[in-house]
Amino acid sequence: MLSRTADSLYWLGRYIERAGNNARGLQVALRMASLTRDVAQRDSAWRALLIASGCEPGFRETGQEATQETVVRYLAADPSNSSSIISCIEAARRNGRQVRTALTVDMWEAVNETWSEARRSTEQTFATDNLPAFLDWVKSRTVLFNGAYADTMLRDEAWRFVRLGTMLERADNTARVLDVHHHALGGTEEDGAVGYLQWQAILRSVSALRAYHWVYHSRLESRRIAELLILRPELPRSMVACYGRIEETLDGIAASHGGRKGECHRLAGEMHARLRFGRIADIMAGGLHDFLTATIDRNLELGRQIQDFYLQA
């Protein structure tokens, strides 16, 4: 497969996943804002969302205050933000169009129809009363795309590069969501309704609230939340699950290239092993924030190594 084709497939997966992640994050922030009376706490929730989405540096350059109105606009529709939902949908469609023949009919229709509907959005689409419906629509479209490529693509290189982009983006999002709320996961019970709402927000951000209760059959506990999102392989959005799929996918790509491997393979295997054999007590003892920031940095490096070895060759 040509590097430019692999690059388009990889970024198609990443942009679709990023759009869905931003939609979930906005939904959770809206819910937190509606339940919090303190203005400072509401603004803090919007700043946290910017950090979790990786968009805080770009937003800071705009010179705006992090309020509901400004953050929603920046993360949902701002054309100057390459990670806004609308920008991600446009970028996904652009990449999909470049590799149209590598996609199945269902995949292309999912991407193209999403783009067509997104183009019809107006300022009213992002108004307070209409925003929840828009975010639900974005989530449903990302699920539709993920289902299309999971159910209709041949398990060849094209499928592997879409999956690789999806999983790398998903792993990064889970780590960032945990890191921005690490103060609420210090290993001790946090008193008050605000602390409990933060725990719910963490789980809702990765669609894992029901999964938590299914796995643990108990009320929310900070250490178990961290364990679920970092070390439990049965959760599709846990870090260990994502890096397991990344390692598996890279091995499949290498096998189709005569077994040739690069630094990205070593790094992915190391990150997966660290999580697969890790224990939450050791992670907490060593500092959750330090662990997560190191993981985010290594995820960025893994992305660079994949880009250098496969996508810019």
Side-chain angles (χ1 to χ4, degrees), residues 8 10-34 39 42-98 110-143 145 165-166 168-170 172-177 179-181 201 204-206 296 300 303:
S8 293
Y10 169 83
W11 282 106
L12 170 61
R14 290 202 70 162
Y15 279 122
I16 291 290
E17 182 69 19
R18 190 174 300 177
N21 291 341
N22 281 344
R24 273 189 302 275
L26 282 165
Q27 281 187 326
V28 171
L30 284 170
R31 186 174 186 276
M32 288 288 289
S34 68
V39 175
R42 287 203 299 267
D43 290 348
S44 177
W46 292 111
R47 285 193 295 271
L49 176 58
L50 286 168
I51 296 170
S53 64
C55 295
E56 196 270 339
F59 180 84
R60 191 169 57 243
E61 291 178 2
T62 68
Q64 301 177 92
E65 291 294 324
T67 63
Q68 177 173 326
E69 181 181 358
T70 58
V71 174
V72 165
R73 175 66 191 178
Y74 190 73
L75 290 181
D78 195 328
S80 70
N81 177 16
S82 61
S83 291
S84 72
I85 291 174
I86 297 299
S87 294
C88 286
I89 291 172
E90 291 178 347
R93 197 262 186 179
R94 184 168 58 250
N95 280 282
R97 187 179 182 184
Q98 291 172 351
V111 173
N112 197 48
E113 289 174 8
T114 301
W115 172 76
S116 295
E117 292 184 43
R119 289 183 69 195
R120 293 195 288 270
S121 61
T122 65
E123 288 296 327
Q124 281 301 110
T125 304
F126 311 105
T128 302
D129 292 340
N130 300 326
L131 185 61
F134 170 75
L135 298 176
D136 280 335
W137 172 78
V138 173
K139 286 171 55 182
S140 69
R141 299 305 298 185
T142 60
V143 170
F145 173 82
T166 300
L168 197 68
E169 189 71 28
R170 186 173 295 180
D172 182 70
N173 178 71
T174 299
R176 289 178 185 275
V177 167
D179 192 39
V180 80
H181 294 291
R204 289 180 188 277
S205 295
V206 292
I296 292 168
L300 291 170

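Please read these numbers as outputs of a predicted model, since none were measured by experiment.
- Between W11 atom CH2 and I16 atom CD1 the span is 13.5 Å, to the nearest 0.5 Å.
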Go through R94 and E90 one step at a time and tell me if the salt bridge (Lys or Arg N to Asp or Glu O under 4.0 Å) criterion holds.
CA-CA 6 Å; R94 184 168 58 250; E90 291 178 347; 5.6 Å; no

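- Atoms CD and CZ, from E65 and R47 in turn, are 8.0 Å apart once rounded to the nearest 0.5 Å.
- Nearest heavy atom pair, residue S83 against residue R18, reads OG-NH1, 3.1 Å.
- Put simply, the side chain of T70 does not reach to within 4.5 Å of the side chain of R73, judged on heavy atoms.
- Residues L50 and A66 come closest through the heavy atom pair CD1-CB, 4.2 Å.
- At a threshold of 4.5 Å between non-hydrogen side-chain atoms, the residues L12 and F145 count as touching.
- Summarising the geometry of R204 relative to R24, their closest heavy-atom pair is O-CD, 4.1 Å, with the distance given to 0.1 Å.
- Residue I89 holds its CD1 atom at 9.5 Å from CD of E117, rounded to the nearest 0.5 Å.
- The closest side-chain heavy-atom distance from I85 to L75 is not below 4.5 Å.
- Heavy atoms only, all atoms of each residue included: V72 and L131 are closest at CG1-CD2, 3.6 Å.
- Here the side chain of S53 pairs no donor or acceptor atom with the backbone of N22 at under 3.5 angstrom.
- The side-chain heavy atoms of N130 and T125, taken from C-beta on, include no pair separated by under 4.5 Å.
- In this structure, a donor-acceptor pair under 3.5 Å is absent between the side chains of D129 and Q124.
- Among all heavy-atom pairs drawn from Q64 and F59, the shortest one is O-CE2, 3.4 Å.
- D78 places no side-chain N or O within donor-acceptor distance of the main-chain N or O of S84, the cut-off being under 3.5 Å.
- Evaluation of the ring pair (Phe, Tyr, Trp, His ring centres under 6.0 Å) rule for F134 yields F126, W137 as partners, not counting sequence neighbours.
- In this structure, the side chains of L135 and L30 come closer than 4.5 Å at one or more pairs of heavy atoms.
- Between the side chain of T174 and the backbone N or O of R170, at least one donor-acceptor pair lies under 3.5 Å.
- Between P132 and Q27, the shortest heavy-atom distance links the atoms O-NE2, 4.3 Å.
- For the 3.5 Å distance criterion, the side chains of N173 and R176 fail to qualify, holding no donor opposite an acceptor.
- Note that CZ of R93 is 4.5 Å distant from CG of N112, once rounded to the nearest 0.5 Å.
- Going from atom CG of D136 over to atom OG of S140 covers 7.5 Å, rounded to the nearest 0.5 Å.
- You'll find the side chain of W46 reaches within 4.5 Å of the side chain of L26, heavy atoms only.
- Here the side chain of D172 pairs no donor or acceptor atom with the backbone of L168 at under 3.5 angstrom.
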